Amino acid sequence: QVQLVESGGGSVQAGGSLRLSCAVSGNIYSRNCVAWFRQAPAKERKWVAVIYSTIGTTYYGDSVKGRFIISQDNAKNTVYLQMNSLKPEDSAMYYCAAGPGTGCSLRRQNDFNAWGQGTQVTVSS
């Protein structure tokens with residue numbers, strides 16, 4: 001089984017930066033894909049970025065491409081989401097999730113079998 005713990009959320013002004021962390025533990029074969037999702041109030045949960053943890057390949061949603069970077073530090077068993085040039089529309093609960101490689105291919109919630117509790121990001125104008 002895989003366990004995920006997010007941290008690093010907070011409040012920031014537009015144009016600022018935050019780095020979210022997702023501490024990952026458990027079976028590596030259950031976390032071939034690690035992803036960040038976000039959900040704003042009254043909005044659908046959507047994927048933001050994914051990383052094939054075994055090879056390091058990454059993909060980004062159109063709304064964050066060029067501003068966010070997903071990365072991993074294997075020594076610390078942690079996946080990061082560096083969030084730059086933040087906009088008010090980035091405000092949401094951010095969740096990390098882990099699952100098999102199909103998660104990174106299809107970016108569907110149901111492909112991920114482990115989820116963190118979420119961390120709040122608020123961007124003010």
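Keep in mind the model is a prediction, meaning the values are calculated, not measured. For the numbers below, each heavy atom of this structure counts, side chains included, while hydrogens, waters and symmetry mates do not.
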(request) Measure the spacing between CD1 of I51 and CG of N32 and express it to the nearest 0.5 Å. (result) 12.0 Å

(message) Using only atom types and a distance under 3.5 Å, with no angle test, would you say the side chain of S91 pairs donor to acceptor with the backbone of T122?
(response) no

(request) Assess the side chains of N84 and S17: does a donor N or O sit below 3.5 Å from an acceptor N or O? (result) yes

(request) Provide the closest heavy-atom pair for A92 versus Q120 in the form atom of the first, atom of the second, distance. (result) O-NE2, 3.4 Å

(message) Please check this pair: side chain of E6 against backbone of C96, looking for a donor-acceptor N/O pair closer than 3.5 Å.
(response) yes

(request) Specify the closest pair of heavy atoms between G101 and C33, including all atoms of both residues, with the distance to one decimal. (result) CA-CB, 4.3 Å

(message) Let me check something: do W115 and V79 share a hydrophobic cluster, defined by ILVMFWY side-chain heavy atoms less than 4.5 Å apart, either directly or through other members?
(response) no

(message) Please report the interatomic distance CD(Q82) to CG(L20), rounded to the nearest 0.5 Å.
(response) 8.5 Å

(message) Looking at S53 and V34, would you say the former's side chain and the latter's main chain have a donor-acceptor pair under 3.5 Å?
(response) no

(request) Rounded to the nearest 0.5 Å, what's the gap from CG on L4 to OG on S21? Could you check? (result) 12.5 Å

(request) Take atom CG of N110 as the centre, draw a 6.0 Å sphere, and report whether it contains more than 12 heavy atoms from other residues, nucleotides or ligands. (result) no

(message) In this structure, is the centre-to-centre distance between the rings of Y59 and W47 below 6.0 Å?
(response) no

(request) Determine, for Y80 and R19, whether the Lys NZ or Arg CZ falls below 6.0 Å from the six-membered ring centre while staying within 45 degrees of the axis. (result) yes

(request) Would you name the heavy atoms of D111 and G103 that are closest together and state the gap between them? (result) CB-CA, 3.7 Å

(request) Take M83 and V121 through the test side chain to side chain contact (heavy atoms under 4.5 Å, CB included) and record every step on the way to the result. (result) CA-CA 10 Å; M83 309 164 67; V121 172; 4.0 Å; yes

(message) Can a donor-acceptor pair be found, under 3.5 Å and without considering hydrogens, that links the side chain of T54 to the backbone of Y52?
(response) no

(request) Verify the cluster assignment for I70 and Y95: are they in a single hydrophobic cluster under the rule of side-chain heavy atoms below 4.5 Å apart? (result) no

(request) Determine, using the 4.5 Å side-chain heavy-atom cutoff (strictly less than), whether I69 and V48 are members of one ILVMFWY cluster. (result) yes

(request) Check whether any side-chain heavy atom of T78 lies under 4.5 Å from a side-chain heavy atom of V24, and answer yes or no. (result) no

(message) Show the nearest heavy-atom pair for residues T119 and S7, with the distance to one decimal.
(response) OG1-C, 4.3 Å

(request) Any chance you could measure Y94, atom OH, to F37, atom CZ, to the nearest 0.5 Å? (result) 13.0 Å

(message) Here's a test for you: under side-chain hydrogen bond (donor to acceptor under 3.5 Å, both in side chains), which of R38, E89, K46 qualifies with S63?
(response) R38

(request) Find the distance between CZ (R107) and OH (Y60) and round it off to the nearest 0.5 Å. (result) 12.0 Å

(message) Between M93 and F68, is there shared hydrophobic-cluster membership here, with clusters defined by ILVMFWY side-chain heavy atoms closer than 4.5 Å?
(response) no

(message) Using only atom types and a distance under 3.5 Å, with no angle test, would you say the side chain of R67 pairs donor to acceptor with the backbone of S85?
(response) yes

(request) Mind checking the SG-CD spacing from C22 to Q72? Nearest 0.5 Å is all I need. (result) 11.0 Å

(request) Might you point out which heavy atoms bring F112 and C104 nearest each other, and give the distance in Å? (result) CZ-N, 4.4 Å

(message) Taking the basic N atoms (NZ, or NE/NH1/NH2) and the acidic carboxylate oxygens, is any pair closer than 4.0 Å for D90 and K87?
(response) no

